[in-house]
Amino acid sequence: MNESAPAHRDFVRQIVEDDLKTGKWDGRVQTRFPPEPNGYLHIGHAKSICLNFGIAAEYGGKCNLRFDDTNPEKEDTEYVDSIMEDVRWLGFDWEDRLFYASDYFEQIYQWAEELIRQDKAYVCSQSLDEIRAGRGTPVEPGVSSPWRSRSVQENLDLFRRMRAGEFPDGTHVLRAKIDMAHRHMLLRDPIMYRIRHAEHHRTGNQWCIYPTYDYAHGQSDSVEKITHSICTLEFENHRPLYDWYCQALGIHHPQQIEFNRLNLTYTMMSKRRLLELVKGGYVRGWDDPRIPTLRGLRRRGYTPEAIRAFCGYVGVTKHNATMDMGVLENHIRTDLNKRAERRMAVLDPVKVVITNYPEGQSEELSAVNNPEDAAAGTRSVPFSRELWIEREDFMVDPPKKFFRLGPGREVRLRWAYFITCTSVITDSQGQVTEIHCTYDPATKGGDAPDGRKVKATLHWVSVPHAVPAEVRLYDHLFRTEDPDEVSDPALDWKSNLNPGSMQIIPHAMLEPSLGSATHGDRFQFERLGYFCVDADATPEHPVFNRTVTLKDQWAKEQTKG
Ligand code: ATP
Ligand code: MG
C-alpha cells in the first residue's frame with residue numbers, strides 16, 4: 001500500500017522510526033483499527049485505516065481489526081459485517097487478527113477487581129447527576145463521593161453483586177480512585193463500569209455490567225500488545241487516564257498518539273448525524289452516493305485507490321482543520337482519467353438531422369477508448385442521419401463567445417464528421433425541436449483534408465442506435481461549507497441540506513456499447529464527467545451515477561461569472 005505513504009515522514013511515522021531505532025518495543029510495530037460497531041465507516045475512518053494498516057505494512061508490523069463493542073444498546077452485527085466488508089474493499093487485510101473488546105470482558109473485569117484490591121477503585125452509589133456535580137469545574141476541585149472510603153472488602157462484594165445482576169441499572173458504578181482535585185477533570189475518579197441490563201450482540205446476557213470506553217480501550221490495547229495506539233486528537237486529554245490504568249495495573253503499556261480528524265467541506269462525518277439522515281429518510285440509505293460513507297463513495301464510483309491516495313495526501317498533523325471537498329474530487333479524477341474508458345452520452349438530447357446523409361443508412365466509426373491508455377484500444381460507434389446532441393451545445397442566436405453549433409456554423413462531431421447547421425425547427429414556444437445540418441463526407445474521422453479548423457467538438461449519439469438510460473447527477477450534500485453554519489438559531493444543521501443534491505435525468509441517450517455495461521463499470525462520458533453503473537441498474541433499465549465532473553465545478557462557475 002505504498003500510495004498511502006506520504007512523501008514526507010509525518011510525526012507518527014517519525015515516532016515509529018525512532019522507536020525502531022532505540023529498540024523500545026524490541027523491533028515490533030503493532031497497531032490496530034478500533035471501530036465501534038454502531039454505524040457504517042466513512043472517509044474519516046478511511047484515514048485512520050490507511051494510517052494504522054499503512055504504518056504496519058511500511059515497518060514490517062501488524063495491524064489488528066478490533067471491534068470496540070462495549071456499548072450494547074447502540075451496537076449491532078449489521079455494523080460489524082459492513083465494517084469488515086468496507087475495510088477489505090479499501091484494500092486492507094487483518095489476516096487472522098480479528099478481535100472484539102467483548103472477548104476481553106473477563107480479563108478487563110479481573111483487572112478491575114485488581115484495582116479494587118489495590119484500593120484504586122471503589123463502588124460509588126451516587127446518581128450520575130450527583131457524580132457529575134461532584135466533579136467540580138476546571139477551576140474548582142471536585143468533592144469526594146460519600147462512598148469513596150468504602151473498604152476493599154465491601155467494594156469487592158458490591159462489585160461482584162453488580163456483576164451477578166443483583167442491582168438495577170443506575171444504582172451503582174465502579175469508579176477509579178485517583179484524585180478529585182486533579183487538573184485533568186477526566187482523572188477526578190472516572191467511571192470504569194456501569195450497570196446495563198442490556199443484551200450484547202456477541203455476549204448476549206452474560207454481562208449486565210459494561211466497562212466504559214476509557215477503561216476498556218487501553219486494556220484491550222494492552223491485551224493485544226499494541227505498540228502504538230493511534231487515535232484522534234479529542235483523546236489527547238484522555239491520555240493521562242490511559243496511562244494511569246496501565247501503570248496502576250503494571251501491564252503492557254502502549255503509547256497513545258493522537259492525530260487530527262479528517263473533516264471535509266459541504267459534508268459531515270458524525271456517525272450520529274449520518275444515522276439521523278438515514279433513519280429520517282433524508283437520504284436513500286447508508287450507501288447513498290451523496291454521503292461520505294465508504295459505501296456511499298463506492299456507489300458513487302470512487303475507487304479504493306483514489307481514497308487511499310487521498311488519505312496519503314492529506315497526511316496527519318496535530319491541528320484540526322477542514323479539507324476542501326475539491327481535493328477529494330481531484331483524487332478520483334486523477335485515478336479515473338488513467339483507467340476509465342471514454343464513451344459518448346447525451347444528457348439533455350435535441351435532434352440533429354443530417355439532410356445530405358442517405359435515409360436508412362448507417363456506418364461504424366472508430367473511436368479511441370482512452371487517450372491515456374493505448375492498451376485500451378478502440379471501439380466502433382454507429383453514425384446515421386439522425387443524431388442526438390446536447391441541447392446546450394446549440395444556440396439559435398449565439399453570442400460572440402459561444403463557439404458551438406448555431407445557424408451557419410460548422411463544428412466537429414467527435415470521431416465523425418464536420419457538420420454545418422442549415423436551418424432550425426422550433427415549436428410554438430420557441431423551443432428548438434430539430435436542427436438541420438449537412439455533413440462533409442471528406443472530414444471522416446474528424447479532420448478536414450483542406451486544413452480548415454472548427455472551434456468546437458461535440459459529443460453525439462445516433463438516434464436509432466441510442467440506449468436510453470437514467471442518469472443521476474450529484475451536488476454537495478449541504479449548501480454551506482460548514483453544515484453547522486445556520487443563520488437562525490432556531491434551525492439546525494439539517495436546514496442546510498441541499499435540496500438539489502441529486503438530480504435525476506430519466507431519459508439520457510447513450511452510445512450502444514454502454515448497453516452492456518454492468519454494475520460497478522466506470523466510464524468517462526466525454527465532456528460530462530466520470531460515471532459508473534449504479535446498483536439499481538438492470539439490462540432493461542440502465543442507471544448511471546455521475547462520480548465527479550471533469551473539472552472542478554467551483555472553478556468553472558468562477559470563469560462563467
Ligand atoms: P463518532 O465520533 O462519529 O461517533 P468515532 O470517531 O468515535 O465516531 P469509532 O468507530 O470510534 O468512531 O472510530 C474508529 C476509529 O476511527 C477511531 O480510532 C477514530 O479515532 C477514527 N476516526 C473516526 N472518525 C475519524 C475522522 N473523521 N478522521 C480520522 N479518524 C477518524
Ligand atoms: Mg469512538
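All ligand and atom numbering here is 1-based and tracks the order in the structure.
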N or O contact, [X] vs ligand 1, cut-off under 3.5 Å:
{"X": "Lys271", "value": "yes"}
{"X": "Asn38", "value": "no"}
{"X": "Phe33", "value": "no"}
{"X": "Leu262", "value": "yes"}
{"X": "Glu36", "value": "yes"}
{"X": "Arg261", "value": "yes"}

Where on His42 is there a heavy atom closer than 4.0 Å to ligand 1, on the side chain, on the backbone, on both, or on neither?
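It is the side chain that gets close, since no backbone atom is under 4.0 Å.
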
Given 3.5 Å as the limit, does a donor-acceptor pair link the side chain of [X] with the main chain of [Y], or not?
{"X": "Asp103", "Y": "Phe99", "answer": "no"}
{"X": "Thr265", "Y": "Met325", "answer": "yes"}
{"X": "Asp534", "Y": "Asn545", "answer": "no"}
{"X": "Arg97", "Y": "Cys63", "answer": "yes"}

Looking at Tyr530, I'd like to know if the NZ or CZ of Arg522 sits under 6.0 Å from its six-membered ring centre while staying within 45 degrees of the ring's axis.
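Arg522 over Tyr530 ring: no.
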
Tell me, please, whether Tyr109 has Arg163 positioned over its six-membered ring: NZ or CZ under 6.0 Å from the ring centre and within 45 degrees of its axis?
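Relative to the ring axis of Tyr109, which defines the angle, Arg163 lies inside both limits.
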
Take every heavy atom of His45, measure it against each atom of ligand 1, and state whether any distance is under 4.0 Å.
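Distance cut 4.0 Å: His45 passes for ligand 1.
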
Does at least one non-hydrogen atom of Phe235 fall below 4.0 angstrom from an atom of ligand 1?
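No heavy atom of Phe235 comes that close to ligand 1.
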
Taking only heavy atoms of Thr232, which atoms of ligand 1 are found under 4.0 Å from at least one of them?
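Reading through ligand 1 atom by atom, the close ones are 19 (C), 20 (O), 29 (C), 30 (N), 31 (C).
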
Give the atom numbers and elements of ligand 1 that come within less than 4.0 Å of a heavy atom of Ser270.
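Near Ser270, meaning under 4.0 Å from one of its heavy atoms, ligand 1 has 3 (O).
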
So, do Arg472 and Arg546 sit near enough that their side-chain heavy atoms are less than 4.5 Å apart?
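Result no, sub-4.5 Å side-chain heavy-atom pair not found.
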
Would you please classify the geometry between the His45 ring and the Phe33 ring as parallel, tilted or perpendicular, with 30° and 60° separating the classes?
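Ring orientation, 0 to 90° scale: perpendicular.
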
